[in-house]
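Side-chain atoms are counted along with the backbone in the values below, which use heavy atoms only and exclude waters and symmetry mates.
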Protein chains: 2
Amino acid sequence: MTLNNEQAITSADKTFYQLRNDIVEGIIPSGSKLSETELSTKYEVSRAVVREAINRLATCHLVERKANVGARVVALSPEGLVQLYQVREALEGMAARLAARYMSDDEIAAMQGLLDSHFNKVKGGESYYQEAGDVDFHYRIVTGSKNSHLISVLIDGLYHLVRMYRVQLGMAGPRVTTAFDEHRHIVNAIANRDEELAEILMRRHILYSKNNIEKKLNHA
Amino acid sequence: MTLNNEQAITSADKTFYQLRNDIVEGIIPSGSKLSETELSTKYEVSRAVVREAINRLATCHLVERKANVGARVVALSPEGLVQLYQVREALEGMAARLAARYMSDDEIAAMQGLLDSHFNKVKGGESYYQEAGDVDFHYRIVTGSKNSHLISVLIDGLYHLVRMYRVQLGMAGPRVTTAFDEHRHIVNAIANRDEELAEILMRRHILYSKNNIEKKLNHA
DNA sequence: AGAGCCTATATTGTCGACATTATGAGAAAA
DNA sequence: TTTTCTCATAATGTCGACAATATAGGCTCT
């Protein structure tokens with residue numbers, strides 16, 4: 001994550017971010033139970049703030065809560081991954097369309113510059129920049145849509161789940177250069193203010209990405 | 001709302017549903033502040049449950065919370081309406097596509113029967129069934145997608161905002177017969193398992209609906 | 001032995017009190 | 001008169017304790 005303008009001001013914020021990170025990174029195993037009392041001692045805060053943090057995690061679909069029973073970390077499954085990418089396809093496709101409509105010329109130019117720098121780095125062999133670059137690209141498209149619903153659902157919600165799948169299924173790698181070409185084509189469509197093409201290309205880009213992950217999932 | 005399988009088991013659930021209803025119906029005015037202490041005396045529950053209810057309202061985008069300041073009911077605006085329908089177009093379009101893929105033949109038959117009965121009622125002049133019928137139709141498509149993300153984002157989230165706009169801008173009316181034709185065509189596409197057409201028709205249906213509301217909004 | 005009930009226990013749900021922060025009124029200075 | 005600082009006040013944030021609920025284990029009955 002290049003720039004995270006999320007800053008914790010309240011104690012519940014901090015606990016929420018820590019818990020979210022521990023879940024996404026797999027430190028707290030997928031499917032495990034989240035005990036409020038246990039976490040309150042572990043993080044040295046009251047049960048109330050842990051409760052609030054867990055509630056927020058539930059809105060991100062990172063945990064599932066049942067009344068009078070408790071919360072469990074979501075279980076990762078092939079079906080869950082497919083559903084997640086179906087929603088991504090719909091939302092990010094629309095985001096690309098709206099980005100082509102609403103992004104300023106300066107924003108577009110900045111994004112083109114970003115792609116150039118990433119391309120040079122990858123060409124130079126620094127493949128570990130791949131995920132950060134990919135994340136950065138998608139962030140810019142989404143925020144470029146200027147649609148607060150899209151922004152919150154994707155950036156505050158789905159992207160953390162996406163990262164959870166990537167991390168816990170060990171998706172380090174490839175698809176670097178091909179993804180870059182796809183990114184380039186999307187940016188070109190946006191620069192040309194071609195809404196239709198931007199949406200189509202983004203949807204295909206996400207479909208390819210899903211197929212790539214699914215292939216790895218089935219081989220593992 | 002025909003069938004609401006949401007049942008309150010905890011006190012926070014009940015308070016959440018009451019608050020949500022009061023906000024959507026405009027009993028609590030749009031833009032007003034939500035005082036935790038005030039609401040806790042009004043609804044005769046602890047501040048903790050009001051707090052949790054408000055947090056859930058925030059995840060529905062019905063209120064906006066600022067740390068150490070409080071929560072306000074969202075302000076309705078033309079821009080907000082446009083953004084809301086942009087997201088609806090993306091998500092419900094995908095829902096229609098997935099419904100064409102995953103709905104069982106029985107579900108499709110039931111939906112066709114539902115449309116028939118609604119059509120007869122509207123033909124008979126009972127135009128006040130319009131909204132309930134429309135809501136029911138969209139619910140079935142969304143649940144027919146079998147995608148838990150789509151279901152929760154739309155049914156638990158956006159639809160309440162949509163209804164809030166309808167109620168508070170006084171959208172009683174027309175567009176009954178034309179909407180029915182559109183519904184019919186969508187169901188036909190789903191019955192034919194034509195994913196592409198189902199998505200396109202649903203997106204156009206929502207676009208028309210948005211234009212209709214926007215027209216009223218500008219005239220008012 | 002197996003099924004069903006019942007109690008013990010641990011967890012979640014709720015509450016009231018205290019701590020901390022934002023905000024506006026009022027006084028003091030320019 | 002205007003501006004700025006201070007402080008009172010009221011709201012939100014946090015806490016620990018109590019109440020209500022689910023779950024597991026043992027017990028009884030067949």
Side-chain angles (χ1 to χ4, degrees), chain A residues 5-23 27-75 152 156, chain B residues 5-23 27-75 152 156:
Chain A
N5 47 10
E6 292 175 323
Q7 55 178 350
I9 56 186
T10 154
S11 176
D13 292 338
K14 201 174 157 190
T15 308
F16 167 62
Y17 293 141
Q18 288 183 349
L19 266 175
R20 189 180 63 183
N21 185 73
D22 288 352
I23 289 174
I27 298 169
I28 298 177
S30 141
S32 65
K33 189 173 187 320
L34 291 179
S35 163
E36 292 181 1
T37 56
E38 187 183 333
L39 292 173
S40 74
T41 61
K42 179 178 174 184
Y43 289 99
E44 291 178 330
V45 288
S46 148
R47 250 191 67 214
V49 321
V50 171
R51 231 179 124 72
E52 178 163 341
I54 289 179
N55 278 330
R56 291 201 222 169
L57 291 170
T59 76
C60 303
H61 297 272
L62 287 176
V63 312
E64 289 171 351
R65 158 162 265 165
K66 269 193 293 185
N68 288 316
V69 173
R72 306 193 79 87
V73 179
V74 291
S152 77
D156 297 336
Chain B
N5 46 12
E6 292 175 323
Q7 54 179 351
I9 57 186
T10 155
S11 176
D13 293 338
K14 202 174 156 189
T15 308
F16 167 61
Y17 293 141
Q18 287 182 350
L19 267 175
R20 188 180 63 184
N21 185 73
D22 288 352
I23 289 174
I27 298 169
I28 298 177
S30 142
S32 65
K33 187 171 189 321
L34 290 180
S35 163
E36 293 181 0
T37 57
E38 186 183 333
L39 292 173
S40 73
T41 60
K42 178 179 174 184
Y43 289 99
E44 293 178 327
V45 288
S46 149
R47 248 190 68 214
V49 320
V50 171
R51 227 180 127 73
E52 178 162 341
I54 290 180
N55 277 331
R56 291 201 222 169
L57 291 171
T59 75
C60 302
H61 296 272
L62 287 176
V63 313
E64 289 170 352
R65 158 163 265 164
K66 269 194 292 186
N68 288 317
V69 173
R72 305 194 80 86
V73 180
V74 291
S152 77
D156 297 335

Inset, instruction - Whole angstrom is fine here: how far is it from CZ in A:Arg65 over to C1' in C:dT11? - result: 11 Å

Legend entry - Whole-Å gap separating P (C:dC15) and CG (B:Leu39): 14 Å

Legend entry - Side-chain N or O of A:Thr10 closer than 4.0 Å to phosphate OP1/OP2 of D:dT14: yes

Inset, instruction - Choose from C:dC15, C:dT23, D:dA22 the nucleotide whose nearest atom is closest to any side-chain atom of B:Val69. - result: C:dT23

Inset, instruction - Round to a whole Å and report the spacing from OH of A:Tyr43 to P of D:dT14. - result: 16 Å

Legend entry - Sugar-phosphate, base or nothing in reach of A:Leu34, heavy atoms under 4.0 Å: sugar-phosphate

Inset, instruction - Would you kindly compare A:Lys66 and A:Asp13 by the position of their nearest DNA chain D nucleotide and give the one closer to the 5′ end? - result: A:Asp13

Inset, instruction - Provide, to the nearest angstrom, the distance between the CZ atom belonging to A:Phe16 and the P atom belonging to D:dT14. - result: 14 Å

Legend entry - Interatomic distance, A:Glu52 CD vs C:dG13 C1' [rounded to whole Å]: 15 Å

Inset, instruction - Using modelled atom types only, decide if a donor and an acceptor are shared between the side chain of B:Arg72 and the backbone of B:Gly31 within a distance under 3.5 Å. - result: yes

Inset, instruction - Scan A:Thr37 against the nucleic acid and name what it touches under 4.0 Å (heavy atoms): base, sugar-phosphate only, or nothing. - result: base

Inset, instruction - Return yes if some donor-acceptor pair links the side-chain N/O of B:Ser40 with the main-chain N/O of B:Ser46 below 3.5 Å, else return no. - result: no

Legend entry - Along DNA chain D (nearest heavy atom to each residue), the more 5'-positioned of B:Ala48 and B:Glu36: B:Glu36

Legend entry - A:Ser46, nearest nucleotide to its side chain (from D:dC15, C:dT21, C:dT14): D:dC15

Legend entry - A:Glu36/A:Arg65 salt bridge by N-O under 4.0 Å criterion: yes

Inset, instruction - Would you tell me if any nitrogen or oxygen in the side chain of B:Arg47 comes within less than 4.0 Å of OP1 or OP2 on D:dT12? - result: no

Inset, instruction - Could you check which of D:dC15, D:dA22, D:dG13 has an atom nearest any side-chain atom of B:Asn68? - result: D:dG13

Inset, instruction - Take atom CD of B:Glu38 and atom C1' of D:dA10, then tell me their distance rounded to the nearest Å. - result: 13 Å

Inset, instruction - Establish, with yes or no, whether the OP1 or OP2 oxygen of C:dT12 is under 4.0 angstrom from a side-chain nitrogen or oxygen of A:Lys33. - result: yes

Legend entry - Separation of C:dT12 P from B:Ile9 CD1 (nearest whole Å): 14 Å

Legend entry - Short side-chain to backbone donor-acceptor contact, A:Asp13 and A:Thr10, under 3.5 Å: yes

Inset, instruction - Hey, could you give me the CD/CZ distance between A:Glu6 and A:Arg20, rounded to the nearest 0.5 Å? - result: 4.5 Å

Legend entry - Nearest-Å distance for atom pair CZ/P, residues B:Arg51 and D:dT14: 7 Å

